[in-house]
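For reference, the structure is listed below as structure tokens.
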Amino acid sequence: ASCDTLLALRDATADGTIIFGKNSDREPNEAQSIQFYPRQTHPRGSILRCTLTSIPQVESTNAILLCQPYWMWGGEMGVNEHGVSIGNEAIFTYKLAPLKKSNEGVLLGMDIVRLVLERCSTARQAVDLIAEMLRDYDQGGNGWLDGELYYWNAFLICDFNQGWMVETSGKHWVAKQVQSMASISNFSQIGSDWDLSSSSLDSNRIDFSRSANDRFYTFFGFGRQRQCRSKKLLLGNLGTFKLNDMFDILRDHEGGCHRPSLFSLNSSWCMHFGAGPLRHTSTTNSMVVEYTKNSFLIWITGSSSPCLSIFKPMWFDLLSSDALMECMGPSPTSQFDEKTYWWKHELFSRQIMLTSASVRNDIRSRMHRSERDIIDMARSDMTRDERWDLMKRSFQESSELMDDSRIHQVRDHVGLMYALNMMRLNARAGMSDRMSSPIQLGSIISIGAWVIFCAIPIMAMRNKYS
């Protein structure tokens, strides 16, 4: 998994707000739902079933908004009624605690995200809860839907007043309070300047990053490159950082535009699946939380490809399961369902990759103009009914823009390997009959050229030795 989370505190922003944002990069067919869980009370002594293990339940849990891969109990990111936001990343800190490939009796990092949201009212409490979970239970487990991916976890947490980074390796952990800004990705970056740690590290102030990072997996995760890119963009706007700047980072393609015909690595914030193993993930959802002095506003895509999505406002006091159903349709699963907002957008985002760049750019510009209007309205003084109307209308406008008939005009050449990968993903999701064929004349010509190129020396050698 290649995820990224960013935080700008009040002294880093232009208007004194706090801005938290995350891209969730997962498998392309792993639909991610937006779920609201209300405040609940539980019988004393009850047991909570997480994804791969069971733990004691607490007597009361907070109301939470959770961005949740459809198959797991936990989530990639979310925010609770107290304004605690959290996102997690896979980190490959195997040197300090060798990985154990166990799928029984372990907490996924995404389970810990949900536990923090349900049980904590401040970011500092979240650090203590993570420490407690790591002390009492094992973390780990396969975090991948198809295939295997085992890793340790890093977390970025904030509330109305502060932010914290937490990095782990097995039961070891360190935590560092955020100063002005922070960006975390798929590598450990906390050195010996941590503020808190597990008891196993208390007597020895080690350089955690140097002691824990596995060089091979960290290099091919490309997290360091993405973190350097986001830090550069944030530092360039330090003190003037705004909500739109966060959106821009989450949509970033290293300063350019994504083209499926180009070979690319996992080095951009906005992720699109490619042709090979070095880019097999996509950004499947994006979330931003903007904090004023006494309130917060959630901005969510509810879909993949933030560069081709509208960030839509959600007010916590308007949230319920019925409200989300009305805005986004039923929760998505592994199979294509045009009634769900996530899969409708996924069909759109794959189809538009086969159109001309001019069509993509025009639709993208129309989406961003609509988003600017939504932002202006969300910042105005509105009644509760007006806010609810804007929530619904933002999803409706997004759906209408996805219905542009031009996306079915296949014009852009994509490589054969990319086309075959798209066809494989479409078939597994049951959406092949809804997509134009990604294999075009240019794809056939390209593979024909490679066959001839490879065949010439083979035939020459055969003639020489025959």
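Note that the coordinates shown come from a computational prediction; the quantities given were computed from them, not determined experimentally.
In this structure, the side chain of Trp343 engages the main chain of Thr333 through a donor-acceptor pair within 3.5 Å. When atom types are taken as modelled, the side chain of Glu89 and the backbone of Gly223 share no donor-acceptor pair closer than 3.5 angstrom. Using modelled atom types, one side-chain atom of Trp342 and one backbone atom of Thr284 make a donor-acceptor pair closer than 3.5 Å.
Side chains of Thr122 and Asp159: a donor-acceptor N/O pair is absent below 3.5 angstrom, by distance only. Side-chain atoms of Gln125 and Ser121 include a donor-acceptor pair closer than 3.5 Å. There is a side-chain donor-acceptor pair under 3.5 Å between Thr17 and Asp15.
The residues Asp252 and Arg226 are annotated as not salt-bridged, no charged nitrogen and carboxylate oxygen being separated by less than 4.0 angstrom. A salt bridge between Glu254 and Arg229 is absent, with no side-chain N of the basic residue lying under 4.0 Å from a carboxylate O of the acidic one. Using a 4.0 Å cut-off between a side-chain N of Lys or Arg and a carboxylate O of Asp or Glu, Asp4 and Lys22 do not qualify as a salt bridge. The residues Asp362 and Arg406 are annotated as salt-bridged, a charged nitrogen and a carboxylate oxygen being separated by less than 4.0 angstrom. Ionic pairing of Asp389 and Arg384 is not present here: no N-O contact between side-chain nitrogen and carboxylate oxygen is shorter than 4.0 angstrom. Taking 4.0 Å as the cut-off between side-chain N and carboxylate O, Glu371 and Arg251 count as a salt-bridged pair.
Aromatic pair Tyr291/Phe20: ring centres not closer than 6.0 Å. A centroid separation of 6.0 Å or more is found between the aromatic rings of Tyr217 and Phe187.
Closest approach of Ala63 and Phe36 over heavy atoms only: CB-CZ, 4.1 Å. Of all heavy-atom pairs between Ser304 and Glu346, the closest is OG-OE1, 2.6 Å. Taking all atoms of both residues into account, the shortest heavy-atom contact from Tyr341 to Ser303 is CE2-CB, 4.0 Å.
The side-chain hydrogen bond (donor to acceptor under 3.5 Å, both in side chains) search around Ser399 returns none, not counting sequence neighbours.
Contact annotation: the side chain of Ile130 approaches that of Val116 to within less than 4.5 Å [non-hydrogen atoms, C-beta and beyond]. The shortest side-chain heavy-atom distance between Asn186 and Arg224 does not fall under the 4.5 Å cut-off.
Legend: salt bridge (charged side-chain N to carboxylate O under 4.0 Å, His left out) pairs involving residues 108-117, not counting sequence neighbours, sorted by first then second residue: Arg114-Glu118. Sorted by first and then second residue, the ring pair (Phe, Tyr, Trp, His ring centres under 6.0 Å) pairs involving residues 59-87 (not counting sequence neighbours) form an empty list.
For Arg124 and Trp164, the positive end sits near the middle of the six-membered ring, less than 6.0 Å away and at most 45° from its axis.
No more than 12 heavy atoms of other residues, nucleotides or ligands lie within 6.0 Å of NZ in Lys232, so this atom counts as exposed by the packing criterion. Within a 6.0 Å sphere centred on CZ of Arg428, heavy atoms belonging to other residues, nucleotides or ligands number 12 at most.
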Step by step, would you call Thr93 with Glu167 a side chain to side chain donor-acceptor pair (under 3.5 Å)?
-> CA-CA 9 Å; Thr93 48; Glu167 294 178 355; over 6 Å; no

List the steps, then state whether side chain to side chain contact (heavy atoms under 4.5 Å, CB included) holds for Met165 with Phe155.
-> CA-CA 6 Å; Met165 293 189 295; Phe155 305 90; over 6 Å; no

Asn153/Thr168 under side chain to side chain donor-acceptor pair (under 3.5 Å): CA gap, chis, key distance, verdict = CA-CA 6 Å; Asn153 292 275; Thr168 74; 5.1 Å; no

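Ring planes of Phe273 and Tyr418: parallel class, angle under 30° (limits at 30 and 60°). Between Phe220 and Phe222, the ring planes lie perpendicular to each other; the angle is over 60°, past the 30° to 60° tilted range.
Here the OG-CD1 distance, from Ser305 to Ile352, works out to 9.5 Å after rounding to the nearest 0.5 Å.
Remark: of the listed residues His42, Arg39, Gln40, His42 is the sole one forming a side-chain hydrogen bond (donor to acceptor under 3.5 Å, both in side chains) with Thr61.
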